[in-house]
Amino acid sequence: MSLFRCVRSLSLFRRCSSAHTVPGFLLVHHGNEAPKRDVFCSPSSNFRLFSSDAAPSLNKSVLTNLSVFRRFQDWKIKCFPGKEVDVAKKTTTTTTIDLAFNAVVKVYTVYSKPRIFQPWQISMERECTGSGFVISGKKILTNAHVVANHTSVKVRKHGSPTKYKAKVLAIGHECDLAILEINNEEFWEGLTALELGDIPDQMDNVAVVGYPKGGDSISVTKGVVSRVELRKYSHSSTELMKIQIDAAINSGNSGGPVIMGNKVAGVAFESCWLSDNIGYIIPTPVIRHFLNGVEESGQHVSFCSMSLSYQTMEHAQTRDYLKMAKGMTGILVNRINPLSDACKYLKNCDVILAIDGVPIGNDSTVPFRKQERVSFKHLVSMKKSCDTALFKVLREGKEHEFNISLKPVQPLVPVNLFEKPPSYYIYGGLVFVPLTQPYIDNSYVSECALEKMPRKADEQIVIISQILEDDITSGLSMVEDLQVKKVNGVQVDNLKHLFHLIEECCTEYLKFELEKDMFFALNHKSAKKATSKILKNLKIPSAMSDDLELKQVNKHGKVKRKSKKH
């Protein structure tokens, strides 16, 4: 049939159907039962197609007996194959929205961050919003970065104009998760808890629910799972499992659930700024690890790590040199953290072949589900802090097995200092601080410091953060951001140790030995006088942070701070 005849036939059908008040064209299914699939079509012509649920009432015999209608159907199928939409998917979407309305909340946070380069000051209060959802036990799960450094947290549920005051019950910055508690029974009326599901497979459909910027009402976006792997979390730089999806995750979505079916597949928390439609969610194994730790101890329990550096074994001749048999795979140990339990058993140039019977590939991955692989670190991070793992090791051509504790070990350079006031000490215009990753991220200090390992507990890298202007500091600008190695020949262990070395000095001069073999000297009395003048001129309340102030116990047994303000 020519296009001209088809158009005329369609026009005739429109006139015939106008008596039945049908807007445009209508497809009606035959039979008494509702079909499993509804066929939708979107040609360029200006007409609408309805499913059987939404179709206006019409005598079916009128249309089924019209040859025009049968011709239209044949033409439509040929020219516009259309898109089949599974009714089950529509039902899933409806279920997701219903779950969201009854469980997903909007989080309002007021926060104030300490200043990195003026640690005696707190920045102005700011506001941010995020999402969260109800879990069992009348608690709300959200992201740690949504409530980090908070001074106030409030929550509003869908359909309510009231914001309820919330308390941060537990916070895990490593996994970027936090639990909120609301002591108001009115808030919990009508809310239902969401249940955690399993890790979704690739190409599984998921729905991201939350309150992204761009509006104030709840939002639902759909996507599919792209990949599952271990990557660093931007909030903490901790390497844990994350799931990549192609649904939009925008500012404000953080903390909201990602739903598959009627269960939670993860928590939305990151997006890729340099690419479109790349978002990341925290999978349920990481969520359960956090929740179980809080339930058992009342606070966040750190994720385990091996506390060592390693290299892959993809080079064949290196494998031969280390006497690895054919088919033997693993990773090569380079350095071990002296504070870890692994230091008692492992040595440099050991080859770790397997953990708990799971062989490690030469690319440092282990089997995961069907034909997927993830980093071996996933096996370690999911352990409890008191657990051990069986390591199969090749050493000088012989195989050994060791049960090694995987308790978390604090790195030499802390990754973050959330919820803790920064430490500092001012002496003679010199501002001393312990090195942290946030400081590295905002300065010119080399990231090589992150790879260093501590020699003993409580060790810190103490640096000169800045030089406050005074006659006594004139000409010392070149020592900014350098590590203080020794004071009067004594190795500096941490900031508190440096504080005591200076305060208890009995010599006329103090000699500061720095990295790069640099040093300078200050007259002790002159530096003390300069400190008092600098604090007064710059209106700095104290020469040291609270954790460095000397404490003494009075006769009633109460701790009284003995301030060392200058």
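What you see is a predicted model, and the numbers here were worked out from it, not measured in a lab.
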Original post:
Between Ile281 and Ala265, which heavy-atom pair has the shortest distance, and what is it?
Top reply: CD1-O, 4.2 Å

**OP:** Count the heavy atoms of every other residue, nucleotide or ligand shown that sit under 6.0 Å from CZ of Arg395, and state whether that count exceeds 12.
**Re:** yes

**OP:** Please test Phe187 against Ile140 for side-chain contact (heavy atoms from CB on, under 4.5 Å), starting from the C-alpha separation and ending with a verdict.
**Re:** CA-CA 12 Å; Phe187 170 80; Ile140 293 174; 3.7 Å; yes

Subject >> Heavy-atom pair of closest approach, residues Thr284 and Gly266 >> reply: CG2-N, 4.4 Å

Original post:
Under the 3.5 angstrom rule, does the side chain of Lys165 hit a backbone N or O of Asn184 as a donor-acceptor pair?
Top reply: no

Original post:
If only atom types and distance count, is the side chain of Asn494 paired as donor or acceptor with the main-chain N or O of Glu459 below 3.5 Å?
Top reply: no

Subject >> Any donor-acceptor N/O pair, Tyr211 side chain to Ser254 backbone, under 3.5 Å >> reply: no

**OP:** Give, for atom CD1 of Ile171 and atom NE2 of His145, the distance between the pair rounded to the nearest 0.5 Å.
**Re:** 10.5 Å

**OP:** Give a yes or no on this: more than 12 heavy atoms of other residues, nucleotides or ligands lie within 6.0 Å of atom CD of Gln311.
**Re:** yes

Original post:
How many angstroms lie between atom CG of Asp204 and atom CD1 of Ile243, to the nearest 0.5 angstrom?
Top reply: 9.5 Å

**OP:** Might you work through the side-chain contact (heavy atoms from CB on, under 4.5 Å) test for His158 and Val104, ending with a clear yes or no?
**Re:** CA-CA 7 Å; His158 174 71; Val104 182; over 6 Å; no

Original post:
Hey, does the side chain of Asn348 reach the backbone of Asn334 with a donor-acceptor pair shorter than 3.5 angstrom?
Top reply: yes

**OP:** Return yes when atom CG of Asp458 has more than 12 non-hydrogen atoms of other residues, nucleotides or ligands closer than 6.0 Å, and no otherwise.
**Re:** no

**OP:** Taking the side chain as every heavy atom from C-beta outward, state whether Asn143 and Ile282 have any pair of such atoms under 4.5 Å apart.
**Re:** yes

Original post:
Is the distance between the ring centroids of Phe376 and Tyr310 less than 6.0 Å?
Top reply: yes

Original post:
Are the side chain of Ser309 and the backbone N or O of Arg335 linked by a donor-acceptor pair below 3.5 Å?
Top reply: yes

Original post:
Are Glu239 and Ser375 close enough that a side-chain donor and a side-chain acceptor fall under 3.5 Å?
Top reply: no

**OP:** Taking all non-hydrogen atoms of both residues into account, name the closest pair between Ala389 and Leu406 and its distance.
**Re:** CB-CD1, 3.7 Å

Original post:
Just by distance, do the side chain of Thr365 and the backbone of Gly361 share a donor-acceptor pair under 3.5 Å?
Top reply: no

Subject >> From CZ (Arg369) to CD (Gln202), nearest 0.5 Å >> reply: 7.5 Å

Original post:
Distance-only, no hydrogens or angles: does the Ser131 side chain make a donor-acceptor pair with backbone N or O of Gly252 under 3.5 Å?
Top reply: yes

Original post:
Does a donor on one side chain sit under 3.5 Å from an acceptor on the other, for Ser237 and Gln437?
Top reply: yes

Original post:
Of the non-hydrogen atoms in Cys128 and Val146, which two are nearest, and what is the gap between them?
Top reply: SG-O, 3.6 Å

Original post:
Heavy atoms, side chains only, cut-off 4.5 Å: are Glu174 and His300 in contact?
Top reply: yes

Original post:
Which pair of heavy atoms, one from Val286 and one from Leu240, lies closest together, and at what distance?
Top reply: CG1-CD1, 4.3 Å

**OP:** Please determine if Lys138 and Glu185 form a salt bridge, counting it only when a charged side-chain N lies under 4.0 Å from a carboxylate O.
**Re:** yes

Original post:
Hey, are Arg156 and Asp216 close enough for a salt bridge, meaning a charged N less than 4.0 Å from a carboxylate O?
Top reply: yes

Original post:
Just checking, any donor-acceptor pair under 3.5 angstrom between side chains of Asp481 and Tyr439?
Top reply: yes

**OP:** Flag yes if more than 12 heavy atoms outside Asp198 fall under 6.0 Å of its CG atom; otherwise flag no.
**Re:** no

**OP:** Step by step, work out the side-chain contact (heavy atoms from CB on, under 4.5 Å) result for Val301 and Glu296.
**Re:** CA-CA 9 Å; Val301 177; Glu296 293 175 3; over 6 Å; no

Original post:
Any sub-3.5 Å donor-acceptor pair from Arg288's side-chain atoms to Leu196's backbone N or O?
Top reply: yes

**OP:** Can you measure from CE (Met324) to CG (Leu332) and round to the nearest 0.5 angstrom?
**Re:** 9.0 Å

Subject >> Test of ring centre spacing under 6.0 Å for Phe269 and His235 >> reply: no

Subject >> Within-4.5 Å side-chain heavy-atom neighbours: Lys383 and Asp356 >> reply: yes

Original post:
What heavy-atom pair brings Ala148 and His173 nearest, and what distance separates the two atoms?
Top reply: CB-CE1, 4.1 Å

Subject >> Pair Lys242 + Asp176, salt bridge at N-O below 4.0 Å >> reply: no

Original post:
Is the backbone N or O of Val228 less than 3.5 Å from a side-chain atom of Glu372, with the two atoms forming a donor-acceptor pair by type?
Top reply: no

Subject >> Nearest-0.5 Å distance, CG of residue Asn277 to OG1 of residue Thr221 >> reply: 9.5 Å

Original post:
If we only count heavy atoms from C-beta on, is the Tyr345 to Val393 side-chain gap below 4.5 Å?
Top reply: no

Original post:
Between Met382 and Met241, does a side-chain contact (heavy atoms from CB on, under 4.5 Å) hold up when you go through it step by step?
Top reply: CA-CA 10 Å; Met382 290 297 102; Met241 178 177 284; over 6 Å; no

**OP:** Look only at the side chain of Ser123 and the backbone of Lys113, and say whether a donor-acceptor pair between them is shorter than 3.5 Å.
**Re:** yes

Subject >> Pairwise side-chain contact, Ile336 with Ser307, heavy-atom cut-off 4.5 Å (strictly under) >> reply: no

**OP:** Starting at CE of Met306, measure out to CG of Leu346 and round the result to the nearest 0.5 Å.
**Re:** 6.5 Å

Original post:
How about Cys304 and Asp387: do any of their side-chain heavy atoms sit closer than 4.5 Å?
Top reply: no

Original post:
How about Gln244 and Tyr280: do any of their side-chain heavy atoms sit closer than 4.5 Å?
Top reply: yes

Subject >> Lys/Arg-Asp/Glu bridge criterion (N-O < 4.0 Å) met for Asp493, Lys456 >> reply: yes

Subject >> Side chain to side chain, Leu308 and Ser340, heavy atoms closer than 4.5 Å >> reply: no

